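Heads up: the structure comes next, in structure tokens.
A, B, ... follow the sequence lines: proteins, then strands. Residue 1 opens every chain. Keep in mind that the numbers below use all heavy atoms, side chains included, and drop hydrogens, waters and symmetry copies. None of the values given here were measured: they were computed from a predicted structure.
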Amino acid sequence: MATERYNAPDREPHWQKEWEKADIFRASNKDLRPKCYVLEMFPYPSGRIHMGHVRNYTMGDVFARYKRARGFNVLHPMGWDAFGMPAENAAMERKTHPGTWTMANIETMKGQLKSMGLSLDWSREIATCSPDYYRHQQRIFLDLLNKGLAYRRSSKVNWDPVDMTVLANEQVIDGRGWRSGALVEQRELTQWFFKITAYSDELLDALGTLDKWPEKVRLMQANWIGKSEGMLVRWALDKKSAPKGFSELEIYTTRPDTLFGASFMAIAADHPLAKAAAEKSPELAAFCDECRRMGTSVADLETAEKKGFDTGIRAIHPFDKEWKVPVYVANFVLMDYGTGAIFACPSGDQRDLDFARKYHLPVVPVILPPGEQQATFTVGDKAFDGAGTMINSRFLDGLTTTEAFDEVAKRLESTKLGKKPVGERKVNYRLRDWGISRQRYWGCPIPVVHCDDCGVVPVPAKDLPVRLPEDATFDKPGNPLDRHPIWKHADCPKCGKKARRETDTMDTFVDSSWYYARFTSPDAKTPLDEEAAAHWLPVDQYIGGIEHAILHLLYSRFFFRAMADSGHGSRSNLREPFAALFTQGMVTHETYKREGSDPAQWLLPSEIRIEGEGASRTATEVATGAPVEIGDIVKMSKSKKNLVDPDDIIAHWGADCARWFMLSDSPPERDVIWTEAGVQGAGRFIQRIWRIIDDLADKAAPRGAEIPAVLGPEALELRRASHKTVDAVARNIEGLRFNVAVAGLYEYSNALSAALTKQSNGLDVILREAGEILVKMIAPMMPHLAEECWARLGYNTLVANEAWPAADPALLVDDQVTLAVQVNGKRRDEIVVPRTSDAKAVEAAALALESVRRALDGKAPKKVIVVPQRIVNIVA
RNA sequence: GCGGACGUGGUGGAACCGGUAGACACACAGGACUUAAAAUCCUGAGCUCUCUGAGCGUGUGGGUUCGAGUCCCACCGUCCGCACCA
């Protein structure tokens, strides 16, 4: 008996080589077995993998390996989201080329991923920064352009005047650029857009079909799309008060039913009418400026009170020429939603009510909430925005809210102002088109040329890819493509005259909007091989972080459709790319900072030592012996330095240990706390499995031994446990409840070690079965250890190629069942009866119990409820 | 403000469709082995009490039910998302 400890760091590379030699994870497009496409969100090659990657890829790998064992033809590819800002920043800081930096990172991280023992098909590897990838993206872009799904328009951007670059909203902090600290300007810039709004309804409706997506993500996307059904209503302006050239004001409302509660109109500071009015009033102009400044900072918005300024303009109520309503510029009205103008009904909208109270504007209740009396109903400081009965609303009085909406719509649609109807029904969306222009180097070039005569001219398909110039410079701010001496000079493909290349590159979300589809045919001459796409797609299980709930996942859903509609679909006419989505939680860790440091000086977990337990735990810095404060448990991050390096864990404990830890205890969708104790626990379990198999290999019957017809009780008990566990673990892996599967495996190994000390008829044969079952069950989770155990059991094959063990249904049910016995709902005892006992026999057995008689205290039971195989409840 | 999720031992968490609450693990305590330690193995443990028994117990308070962690209502707390969306 070899009682040596299992040396994971020594054995893991061996098995990784064996898998590679056997090339077992390569997926064939021609395989006839049912397919299963398992995908984890591909990483940005930032330099090294982190624990979040370890968790994400472990989950995907368990699922992929399990599905392989279940006989599926599994596609499990990996690639690199390789374009993006950090590479350019690194280029600036270290004077390397973004491409060099990125490729070096990919090499490192690929090695790290390999050391995790993932069952990946590396033959399909994609890096989005490779011209072999982005040439196809450019091709798709041109086809979208052709279909009108890509277009240019002027739009406002956050401009950093120091870095000379456009910033995303999240890069603007307190009105300043996140890197430069410069005050961000709002600039009008002509930008490229994708027409995602053309799919608003489809994207919203199809959410209903994504039943294997988390409800939370679907809800977030639905809110993001933000569909509302309302009306556009044109209000005539009182001629005497209106600026020249303005005769009406068009507003958007979702509550035309409350039209008779109108108290004032409110328009955005950027509304043309506001601008016109401001020309004559310096005070108004000043107010508008103030509103615009507010727009930059979210923190200001949160605390800002509702403010307005009376323009002096009066609007005429659509149902009453004599009724004039003041027009205010208000800081809470947004120019880019609806028409940038609203009518306000204070009794039905809290915001309007606050405003009306502040400026002493009329508040007329028009909806009587259910259960209220009109005579006594008054509006205090709470608006009522629910459904009810119309009051104070002339011809609408007595109608329900919905009926009133329809009635107003009907009347406004048939009334004319000028030549057009006063009102029309209008569905509005919060969703805006996707701006994809980035004034940066390290992204996919937008393949068009600007010609003075011909305008925007697409680069002909035969000239793709438009490659990034290798010799760009990164020594100063601004767009390296724009200042490159020759790159942007191109001849117009149409007329041949000198023209300028587009110097914007695409948002990296474009790259990740179709990589999953490219994996199905990574070498195809066209963006997609429609046969391969039809074969593999949709992705059967997609796994990634919740932070991509909206943008990446919504863009991908859009882009996949847009591709299909511009000639790059799958043969199966699929619309949704991801059939099932799982969002895993973050990896968190305690934080450590030098005592009394302010600003905090954080220390790495590896730089400190912890003593004591529980509340009396203290930490000191290893290098200096200085005291260290133990802080909150938060997401692992560079800034808090609460990082554990996967390489260190793998080198010391092995990949299986890291994988097992990631799967244990915490439900996968919740955050997991990385602790040293947890790693040790996982490490102990690995040794325990090894000892069990080692011991079992000596005690068990030889391979292929027949299971005897009659088994001793211990043997039968173990056999039942084996088959029950197979069944439970399978169901838990299918449902991605890895922590529950892990608990089942712990329980099973307890049963197995106990069985190893027993004697029973046929036990040796059952031990052999049990050992093989155990190894096959841990194989998806701890694949290296499983191979080692498989070899110890006498095989020279790979357990990675073995089928998942079949659970015998006959062994999943027991002959005897234990029933709890309750008296008046309180558990008093339990009885063991044959599973097939009838209710009468169970009742008799329960009533005969001493504990039951004592609880009944001589009283006769009123009623006895017997739930077969579950419980007996005696009602006294 | 709106929307959503979640509250279970010292800790992470389990509990299928309303049927024995606390599986499994971590931490802890005791024991075995050892010169000793580590490792390993065994045992114990929700809380309380008048302790061979009983009471209480899944954030709080109600309700439905023979029976509620699970369903319903109200409240409290924590976390997340969106944010003046007309």
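Within the structure, every side-chain polar atom (N or O) of Tyr252(A) is placed at least 4.0 Å from both OP1 and OP2 of rA86(B). For the pair Arg430(A) and rA86(B), the criterion of a side-chain N or O lying under 4.0 Å from OP1 or OP2 is not met. When the side-chain nitrogen and oxygen atoms of Arg828(A) are compared with OP1 and OP2 of rG55(B), one or more of them lie within a distance under 4.0 Å. Taking 4.0 angstrom as the limit, Arg688(A) places a side-chain polar atom (N or O) nearer than this to OP1 or OP2 of rC41(B). For rC80(B), neither phosphate oxygen OP1 nor OP2 lies less than 4.0 angstrom from any side-chain nitrogen or oxygen of Arg670(A).
No contact: Arg432(A) has no heavy atom under 4.0 Å from any strand. Within 4.0 Å of Asn739(A), counting heavy atoms only, lie sugar-phosphate atoms of the nucleic acid but no base atom. Using a 4.0 Å heavy-atom distance criterion, Glu747(A) is classed as a sugar-phosphate-only contact. Within the 4.0 angstrom heavy-atom criterion, no nucleotide atom of any strand lies near Ser664(A). At the heavy-atom level, Ile865(A) lies under 4.0 Å from base atoms of the strands shown. Val333(A) comes within 4.0 angstrom of a base, heavy atoms only. Backbone-only contact: Arg854(A) has heavy atoms under 4.0 Å from sugar-phosphate atoms and none from a base. Using a 4.0 Å heavy-atom distance criterion, Asn750(A) is classed as a sugar-phosphate-only contact. Residue-level contact check: Lys826(A) touches the backbone only, with heavy atoms under 4.0 Å from sugar-phosphate atoms and none from bases. Within 4.0 Å of Val875(A), counting heavy atoms only, lie sugar-phosphate atoms of the nucleic acid but no base atom.
One interatomic measurement links the two molecules: CZ of Arg827(A) to P of rG69(B), which rounds to 15 Å at whole-angstrom precision. Atoms CG (Asn732(A)) and P (rA15(B)) sit 8 Å apart, rounded to a whole Å. One interatomic measurement links the two molecules: CD1 of Ile633(A) to C1' of rU11(B), which rounds to 10 Å at whole-angstrom precision. Residue Leu663(A) contributes atom CG, which lies 16 Å from atom P of rA25(B) at whole-angstrom precision. Atom C1' of nucleotide rA5(B) and atom CD of Glu669(A) are separated by 11 Å, given to the nearest angstrom. For the pair Asn873(A) CG and rU20(B) P, the computed distance is 11 Å after rounding to whole Å. The CD atom of Gln350(A) sits 13 Å away from the P atom of rG3(B) (whole-angstrom rounding). Atom C1' of nucleotide rA39(B) and atom CD1 of Ile692(A) are separated by 16 Å, given to the nearest angstrom.
When Watson-Crick and G-U wobble pairs are counted only if both distances are under 3.5 Å, rA23(B) pairs with no nucleotide at all. Across all strands shown, rA5(B) forms a Watson-Crick or G-U wobble pair with rU78(B), both key distances being under 3.5 Å. Using Watson-Crick or G-U wobble geometry with both donor-acceptor distances under 3.5 Å, rA83(B) finds no partner in any strand shown. Here rU40(B) sits opposite rA32(B) as a Watson-Crick or G-U wobble pair (both hydrogen-bonding atom distances under 3.5 Å).
No side-chain heavy atom of Ser263(A) sits less than 4.5 Å from a side-chain heavy atom of Val325(A). Phe685(A) is not listed as a side-chain neighbour of Leu785(A), based on a closest heavy-atom distance of 4.5 Å or more.
Between rU20(B), rG81(B), rA15(B), one nucleotide has an atom nearer to the side chain of Thr818(A) than all others, and that is rU20(B). Among the nucleotides rA39(B), rG3(B), rA86(B), the one closest to any side-chain atom of Thr253(A) is rA86(B). Counting only heavy atoms from C-beta on, Arg691(A) has its side chain closest to rU40(B) among rA21(B), rA86(B), rU40(B). Candidate nucleotides rA14(B), rA27(B), rU20(B) were compared by shortest atom distance to the side chain of Ala820(A), and rU20(B) ranks first. In this structure, of rA25(B), rC82(B), rG3(B), it is rA25(B) that holds the atom nearest to the side chain of Asp665(A).
Nucleotides rG18(B) and rU11(B) place their C1' atoms 29 Å apart, quoted to the nearest Å. Using C1' as the reference atom, rG46(B) and rC41(B) are 26 Å apart when rounded to the nearest Å. rC17(B) and rG67(B): their C1' atoms are spaced 15 Å apart (whole Å). Going from the C1' atom of rG22(B) to that of rU58(B) covers 9 Å, rounded to whole Å. rU35(B) and rG53(B) have their C1' atoms separated by 47 Å, given to the nearest Å. Of the C1' atoms belonging to rA21(B) and rA29(B), the separation is 24 Å, rounded to the nearest Å. Rounded to whole Å, the P atom of rC6(B) lies 15 Å from the corresponding atom of rC73(B). For rU8(B) and rU70(B), the P atoms lie 13 Å apart once the distance is rounded to whole Å.
Regarding the sugar-base torsion, rC82(B) falls in the anti class, its angle being beyond 90° of 0. In rG9(B) the O4'-C1'-N dihedral to the base is within 90° of 0, which defines a syn nucleotide. In this entry the base of rC51(B) is syn relative to its sugar, with a glycosidic angle within 90° of 0.
Residues Tyr746(A) and Phe332(A) each lie close to RNA chain B; by heavy-atom proximity, the contact nearer the 5' end of the strand is made by Tyr746(A). Where Lys863(A) and Thr675(A) each meet RNA chain B at their nearest nucleotide, the meeting point lying more 5' is that of Thr675(A).
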Quick one, Glu248(A) with Arg234(A), criterion salt bridge (Lys or Arg N to Asp or Glu O under 4.0 Å). Give me CA distance, side-chain angles, the key distance, then yes/no. CA-CA 6 Å; Glu248(A) 62 179 57; Arg234(A) 292 154 62 232; 2.9 Å; yes
Determine, stepwise, if the pair His317(A) / Phe343(A) fulfils ring pair (Phe, Tyr, Trp, His ring centres under 6.0 Å). CA-CA 10 Å; His317(A) 195 279; Phe343(A) 90 87; 7.8 Å; no
Checking side-chain contact (heavy atoms from CB on, under 4.5 Å) for the pair Arg688(A)/Ser749(A): CA distance, chi angles, key distance, verdict? CA-CA 9 Å; Arg688(A) 180 137 184 263; Ser749(A) 51; 3.9 Å; yes
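One N or O on the side chain of Thr339(A) and one on the backbone of Glu250(A) form a donor-acceptor pair closer than 3.5 Å.
The CE atom of Met782(A) sits 7.5 Å away from atom CG of Leu745(A), with the distance rounded to the nearest 0.5 Å.
In summary, the aromatic rings of Phe355(A) and Tyr328(A) are positioned with their centroids under 6.0 Å apart.
Checked for salt-bridge contact, Arg218(A) and Glu215(A) meet the test: a charged N lies under 4.0 Å from a carboxylate O.
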